[in-house]
Amino acid sequence: MANFELSEQEILRREALEELRRMGINPYPAERFDVNANTAQIHNEYSAEKNNFQEVSLAGRLMSKRIMGSASFAELQDEKGRIQLYFKRDDFTVGEDTSRYNIIFKKLLDIGDFIGVKGFVFITQMGETSIHVKDFVLLGKSVKPLPIVKEKDGTVYDAVTDAEFRYRQRYVDLTVNPGAKDIFIKRTKMINSMRELFNSKGYLEVETPILQPIPGGAAARPFITHHNTLDINLYLRIANELYLKRLLVGGFEGVYEFAKDFRNEGMDRTHNPEFTVMEIYIAYKDYLWMMDFTEEMIEKVVLDLHGKTSVQFSEKVIDFKRPFKRMTMLGAIKEFTGIDISEMDEQQLREVCKKLTIETDETMGKGKLIDAIFGDKCEPHLVQPTFIMDYPVEMSPLCKKHRHNPLLTERFELIVNGKELCNAYTELNDPIDQLERFQEQLRLSEKGDDEAMFIDYDFVRALEYGMPPASGMGIGIDRLAMLMTNQQSIQDVLFFPQMKPEKKETADPKEKYTEAGISEEWIEILQKMGYTTLRKIKSVEKHGKLHQDLCGYNKKNKLGLNNPSVDDVKKWIE
RNA sequence: GAUCCAGUAGCUCAGUAGGUAGAGCACAUCCCUUUUAAGGAUGGGGUCCUGGGUUCGAAUCCCAGCUGGAUCACCA
């Protein structure tokens, strides 16, 4: 047993586990446990007059235990909440045998254990709706103590606040922190709300490849993986746009997908390497129609979640009431910088950037320069939902040229709180134009732009067969979830955000120590001193110091062992 | 990638011009017939993130590193 690395409480729980087994109780039974109520139902629907819930059966985690002699109170937590349990010794006494209460309940059940209880609902003298437990069964033993978080009148005490703890061990966060589940429940409601709208219009939810031979549909660095049988590299998708448009070619007139995308880029408060995007493509529509539809969708989501159009985000209130403000990109730049860039070439744009102290580099083409100006000088000011329309053609290789101005595209983004939330086009369906745009991307790529798009010849071939005119829109689900749940960090709306791997050092088994000539009695001591692996011992530079430390430990803890000789210790290290 | 902040008991956190490491909850033992973030008493529990350095002495000061957070940069 590697007990030296377990805490006292963990050891005690393992002992309780063994004791239960000795008493013939399986701490991990296989049989189902039927439930006929949950905590929320009881709190909402029980009344003493009705005398309902007199034969309830429910299950959950034991979250507190207060023992008062022959009676005890405890709390049971299920998915919906918590309820107080009342246990009385006499209810569990058979003849003279009080062990069910005194041993099993009082000593061997711990906070965190899953139990099932049967009994009747009543209200205590203190006015607390409770279950008088007549029967209980252990459903799953917990051998690792949960942090104790308490709550009184909405004030939470000792919540687990350490971000690393919460993200790495989300299961603990969800278990102990009140309200931790709410964010994720809202996230799912939000997705359901969107899905409802799309389905009500007859659009088809589809699935397209995540492993793609050519990562298309966006400008981003992909993750690369390898398929052994085909012996080719594949990319994790950065977008699903090109596949959904292929489906329009194939005759579907409205398709959408909630898609996990992957981008091999930096991580911060608003970026996780994998994230969720909803993309939708509707035939015979244009971006003006899509703007209205986007408004409808977002307003519906906000209403479904909050019952009103405005939401609190940090210290701001954001109102999603239709219609949203609309500006063209060049108009926005003119408004926020006073500069009209509509007629400018690359060189002039570079000078504007210089004047506005915006960093540029040689690889940036016209599109990226304009985007830099917009991102730096306009985006941060756009807190309330604002559509930015008509992007320069250079930065939108999959988007149809503007019906009145060939230098622009029929594209809009929805900016909320200074961040892009949606991106939509009147889709480019001219195969000749599309190929030229891809070739322009190739030139950018050769110039050093590592995010320029690859040429997808199959996609061009699909367009050659003919694609109906269409409009498409993508929306960042994580960012929308952040807005809808008032979270400042993407990690708080993802169950399991990406983290650096946890370094887990496992101790070497005793045999490895004995093989190195270390005598039994010193192994545990070495491990307690932190030398949990042989490699650590071998890496000691001064064997004399280790020898002294060992002797010191022996003396300090009054172990009375015969100290090893300096030479012995030297041999361990060699 | 840069800068700043943090890392002390299972959890939340104190702490000291460098001199034996603290509280609450949790845990253990005992007492207690219904308590309400918690009934009472007693007690156990710590490589003070890691490794170096300064020092008679480092959890505390210095340097380096690890992990996390924040800000910025990068980023449709």
Side-chain angles (χ1 to χ4, degrees), chain A residues 6-13 15-16 64-75 82 84 86-90 107 110-112 122-128 130 132 144-168 172 176-178 217-221 238-239 261 263-271 277 359 361 367-368 370-372 374-376 379 388 391 395-399 411 413 415 419-423 450-451 453 474 476 488-489 491 499-503 505 527-532 536 539 541 549 553:
Chain A
L6 294 176
S7 70
E8 183 192 16
Q9 290 188 44
E10 288 173 301
I11 293 165
L12 283 165
R13 289 201 178 196
E15 286 168 4
S64 75
K65 224 167 54 164
R66 300 186 292 276
I67 293 163
M68 327 290 297
S70 66
S72 294
F73 288 89
E75 270 185 303
R82 290 190 183 189
Q84 177 165 273
Y86 174 65
F87 291 79
K88 213 167 127 184
R89 182 168 62 208
D90 296 347
K107 290 190 194 298
D110 289 299
I111 290 175
F122 74 111
I123 294 178
T124 63
Q125 288 169 17
M126 299 302 292
E128 179 82 13
S130 308
H132 187 130
K144 199 169 179 65
L146 290 166
I148 306 295
V149 178
K150 291 182 178 172
E151 194 182 6
K152 165 74 171 172
D153 298 333
T155 308
V156 178
Y157 299 82
D158 299 335
V160 175
T161 51
D162 181 59
E164 183 175 6
F165 191 127
R166 291 202 301 118
Y167 299 153
R168 286 195 197 279
V172 176
V176 302
N177 279 341
R221 283 204 298 276
I238 55 175
D261 287 349
R263 296 188 185 176
N264 205 343
E265 294 170 347
M267 292 163 61
D268 61 28
R269 210 167 72 258
T270 55
H271 296 84
V277 170
E359 278 183 45
D361 65 64
K368 282 217 163 190
I370 294 173
D371 191 40
F374 179 76
D376 208 67
E379 230 176 30
I388 298 296
Y391 283 60
M395 47 190 298
S396 314
L398 302 167
C399 184
R411 171 180 181 179
E413 288 192 357
I415 313 288
K419 287 267 183 306
E420 175 201 339
L421 184 62
C422 301
N423 184 22
D450 58 1
E451 292 186 337
M453 290 185 195
Q488 316 302 312
S489 165
Q491 296 170 305
M499 304 281 280
K500 280 195 188 177
E502 211 173 347
K503 254 195 239 156
E505 249 182 28
Q527 292 190 329
K528 276 202 170 140
M529 285 167 64
Y531 297 99
T532 46
K536 280 192 182 174
S539 66
E541 283 177 16
D549 288 347
Y553 192 94

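Chain letters run A, B, ... following the sequence lines, proteins first and then strands; every chain starts at 1. Just so you know, these numbers come straight off a predicted model, no measurement behind them. These values consider heavy atoms only, across backbone and side chains, with no hydrogens, waters or symmetry-generated copies.
Closest approach to the E265(A) side chain among C27(B), C75(B), U34(B) is made by C75(B) (side chain taken as heavy atoms from C-beta onward). Here the nucleotide nearest the side chain of R66(A), chosen from A70(B), U34(B), G39(B), is G39(B). The side chain of D158(A) lies closest to U12(B) when the candidates are A38(B), U12(B), G68(B). When distances are taken from the side chain of Q9(A) to each of U36(B), G10(B), U33(B), the shortest belongs to G10(B). Side-chain proximity of F122(A) to the nucleotides G44(B), U36(B), U34(B) is greatest for U34(B). Checked against U34(B), U36(B), U12(B), the side chain of Y86(A) finds its nearest nucleotide in U34(B). Of all nucleotides listed (A28(B), G69(B), A73(B)), A28(B) comes nearest to the side chain of L12(A). Side-chain atoms of F73(A) lie closest to U34(B) of the nucleotides A26(B), G69(B), U34(B). Counting only heavy atoms from C-beta on, T124(A) has its side chain closest to U36(B) among U33(B), U12(B), U36(B). You'll find that the side chain of M68(A) is closest to G39(B), out of G39(B), G68(B), G45(B).
Toward the 5′ end of RNA chain B lies the nearest nucleotide of H132(A), the other residue of the pair Q491(A) and H132(A) mapping further downstream. When each of T161(A) and K150(A) is assigned the nucleotide of RNA chain B bearing its nearest heavy atom, the one mapping closer to the 5' terminus is T161(A).
U35(B) is unpaired under the Watson-Crick or G-U wobble criterion, no partner having all donor-acceptor distances under 3.5 Å. Figure legend. U3(B) is base-paired to A70(B); pairs are counted as Watson-Crick or G-U wobble with both atom distances under 3.5 Å. Across the strands present, G19(B) finds its partner in C56(B); the criterion is a Watson-Crick or G-U wobble pair with both atom distances under 3.5 angstrom. Look at C30(B): its Watson-Crick or wobble partner, with both distances under 3.5 angstrom, is G40(B). Under the Watson-Crick and G-U wobble criteria, each requiring two contacts below 3.5 Å, nucleotide G10(B) is paired to C25(B).
Taking atom P on both G44(B) and G22(B), the two are 12 Å apart, rounded to the nearest angstrom. Comparing the C1' positions of G46(B) and U35(B) gives a spacing of 33 Å, expressed to the nearest Å. A distance of about 12 Å separates the C1' atoms of A58(B) and U16(B), rounded to the whole Å. Taking atom C1' on both U47(B) and A38(B), the two are 34 Å apart, rounded to the nearest angstrom. If you take atom C1' in G19(B) and the same atom in C48(B), they sit 16 Å apart, rounded to whole Å. Comparing the same atom, C1', in A14(B) and in A9(B) gives a spacing of 13 Å after rounding to whole Å. When the P atom is used for both G39(B) and G24(B), the distance is 15 Å, rounded to whole Å. C30(B) and A70(B): their P atoms are spaced 47 Å apart (whole Å).
Residue I148(A) contributes atom CD1, which lies 14 Å from atom C1' of A9(B) at whole-angstrom precision. Nucleotide C11(B) holds its C1' atom 16 Å from the CD atom of E8(A), rounded to whole Å. Whole-Å rounding puts the H271(A) NE2 to C72(B) C1' distance at 14 Å. Here the P atom of nucleotide A73(B) and the CD atom of E379(A) are 13 Å apart, to the nearest Å. Taking atom CE on M499(A) and atom P on C66(B), their separation rounds to 16 Å, with Å as the unit. Here the C1' atom of nucleotide G40(B) and the CD1 atom of I67(A) are 14 Å apart, to the nearest Å. Between the NZ atom of K107(A) and the C1' atom of C27(B) there is a distance of 13 Å, given to the nearest Å.
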Residues K500(A), M267(A); criterion side-chain contact (heavy atoms from CB on, under 4.5 Å); working and verdict: CA-CA 11 Å; K500(A) 280 195 188 177; M267(A) 292 163 61; over 6 Å; no
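Using bins of under 30°, 30° to 60° and over 60° for the plane-to-plane angle, the ring pair Y86(A)/F73(A) lands in the tilted bin.
Applying the 3.5 Å distance criterion, the base of U35(B) shares a donor-acceptor pair with the side chain of Q84(A).
Proximity of R166(A) to the phosphate of G68(B): no side-chain N or O atom is located under 4.0 Å from OP1 or OP2.
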